[in-house]
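Bear in mind that the values here come from a model prediction, so they are computed numbers and not experimental data. Excluded from the calculations below are hydrogen atoms, water molecules and symmetry mates; all remaining heavy atoms, backbone and side chain alike, are included.
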Amino acid sequence: MYCRQLIFALSSVLAFLPQGLSASLPFGHYGAEGTVLFLNGFHFVSGHSDWEISANHYCVIIRDDLLQCAVYNTATTPAHLAGIEYIITTDAFETLDYEERQLWHSHVYEITSGFLIEPGLPSSVDHTIMKDVLVGTYGKTFHTWRYDQQNSTYPIGIPELVMGYTGDDQITPDFVTKRDELFGVNTTEIRESRADIPPPAIAAGADSWKYGYVLSLGLVNKTADTNFPPNCEE
């Protein structure tokens with residue numbers, strides 16, 4: 001799905017994009033080789049709804065039902081590589097067991113609200129990608145550079161699961177305004193322009209935080225044999 005629809009949507013706009021678009025953005029990184037989508041959206045850390053993150057995503061196509069995105073935190077200069085997000089289709093999500101589904105968040109509200117944007121792309125192309133490619137997808141995102149360590153010299157601590165917003169009044173309005181000023185966009189106008197995008201039903205098991213589940217990672221120390229096997233001799 002992604003290959004066919006993304007190529008169709010992007011082919012009409014590539015000729016109009018300025019060369020070095022990513023380089024002109026003040027985030028200190030060009031993105032992964034083969035990037036086909038540059039997205040900005042909002043995350044919050046599982047269990048910490050007040051830990052708000054504006055995240056840049058540089059996404060590559062792995063196969064028809066899977067995108068892989070390197071995630072950068074816009075709050076630091078140069079931008080820290082915060083983590084990774086995997087994005088899959090509804091059909092792929094519905095093959096997962098319910099324990100696995102807890103780790104994934106939906107993208108419906110992120111798109112219909114105007115929170116998820118594609119800086120630099122014409123609105124018509126943005127609309128096509130959001131409507132035909134992304135609105136029915138699900139993301140699994142882990143940040144290896146923790147929110148509470150974002151100003152540290154090094155990425156300290158245990159990676160953390162982050163989630164996406166699903167409704168109005170969940171994010172600080174000023175945080176959205178600052179993002180809009182950074183990119184020269186207007187989330188309210190983007191939201192209005194996407195009013196014709198029908199929101200698909202969210203599959204059971206996604207957005208587990210809404211049901212009171214706080215998922216976090218931890219270290220488990222075990223005693224084990226740490227010797228390497230002897231080299232085989234002919």
Who passes side chain to side chain donor-acceptor pair (under 3.5 Å) against T90, sequence neighbours left out? none

Would you check if the side chain of Y138 reaches a backbone N or O of A203 as a donor-acceptor pair within less than 3.5 Å? yes

Please determine, by modelled atom types, if T74 and R179 share a side-chain donor-acceptor pair under 3.5 angstrom. no

Do I62 and F142 share a hydrophobic cluster (ILVMFWY, side-chain heavy atoms under 4.5 Å, transitive)? yes

For the CZ atom of R191 and the CD1 atom of I197, what is their distance to the nearest 0.5 Å? 12.5 Å

Look up atom CG in D168 and atom OG in S113, then write down how far apart they are to the nearest 0.5 Å. 7.5 Å

Hydrophobic cluster identity match, L134 and V36, side-chain contacts under 4.5 Å: yes

Atom pair NE2 (H127) and CD1 (I111), whose distance is rounded to the nearest 0.5 Å: 11.0 Å

First locate atom CD1 of I171, then atom OG1 of T187, and finally report the distance between them rounded to the nearest 0.5 Å. 9.0 Å

Kindly check if the number of other-residue, nucleotide or ligand heavy atoms within 6.0 Å of OH (Y213) is above 12? no

Y86 atom OH, neighbour heavy-atom count above 12 within 6.0 Å: no

Going by ring-ring contact (aromatic ring centres under 6.0 Å, His included), name the residues that satisfy it together with W145, two or more places apart in sequence or in a different chain. H80

Sequence neighbours excluded, the answer for side-chain contact (heavy atoms from CB on, under 4.5 Å) partners of S216 is none

Does a side-chain N-to-carboxylate-O contact under 4.0 Å join D196 and K131? no

Starting from F44, can I reach F175 by hopping between I/L/V/M/F/W/Y residues whose side chains sit under 4.5 Å apart? yes

W209 side chain near S46 side chain, heavy-atom distance below 4.5 Å: no

Considering non-hydrogen atoms only, spot the tightest contact between M163 and S208 and give its length. CE-OG, 3.8 Å

Can you say whether the rings of H48 and W51 are parallel (under 30°), tilted (30 to 60°) or perpendicular (over 60°)? parallel

Closest heavy-atom contact between T141 and L161? O-CD1, 3.3 Å

To the nearest 0.5 Å, what is the distance between NE2 (H143) and CD (E85)? 7.5 Å

Give a yes or no on whether I61 and L121 share a hydrophobic cluster (residues Ile, Leu, Val, Met, Phe, Trp, Tyr; joining criterion: side-chain heavy atoms under 4.5 Å apart). yes

Less than 4.5 Å apart, side chain to side chain, heavy atoms only: is that true for D65 and I88? no

Please say yes or no: joined through hydrophobic side-chain contacts below 4.5 Å, possibly via intermediate residues, are F42 and V162 part of one cluster? no

All ring-ring contact (aromatic ring centres under 6.0 Å, His included) counterparts of H57, not counting sequence neighbours: H43

K210, NZ atom: more than 12 neighbouring heavy atoms under 6.0 Å: yes

Who passes ring-ring contact (aromatic ring centres under 6.0 Å, His included) against Y109, sequence neighbours left out? F115

Looking only at non-hydrogen atoms, find the nearest pair between P200 and G136 and report the distance. CG-CA, 4.0 Å

Test of understanding: with side-chain contact (heavy atoms from CB on, under 4.5 Å), list the residues that count as partners of Y98, not counting sequence neighbours. R101, A204

In this structure, CD1 of I87 is separated from CG of L67 (nearest 0.5 Å) by 5.5 Å

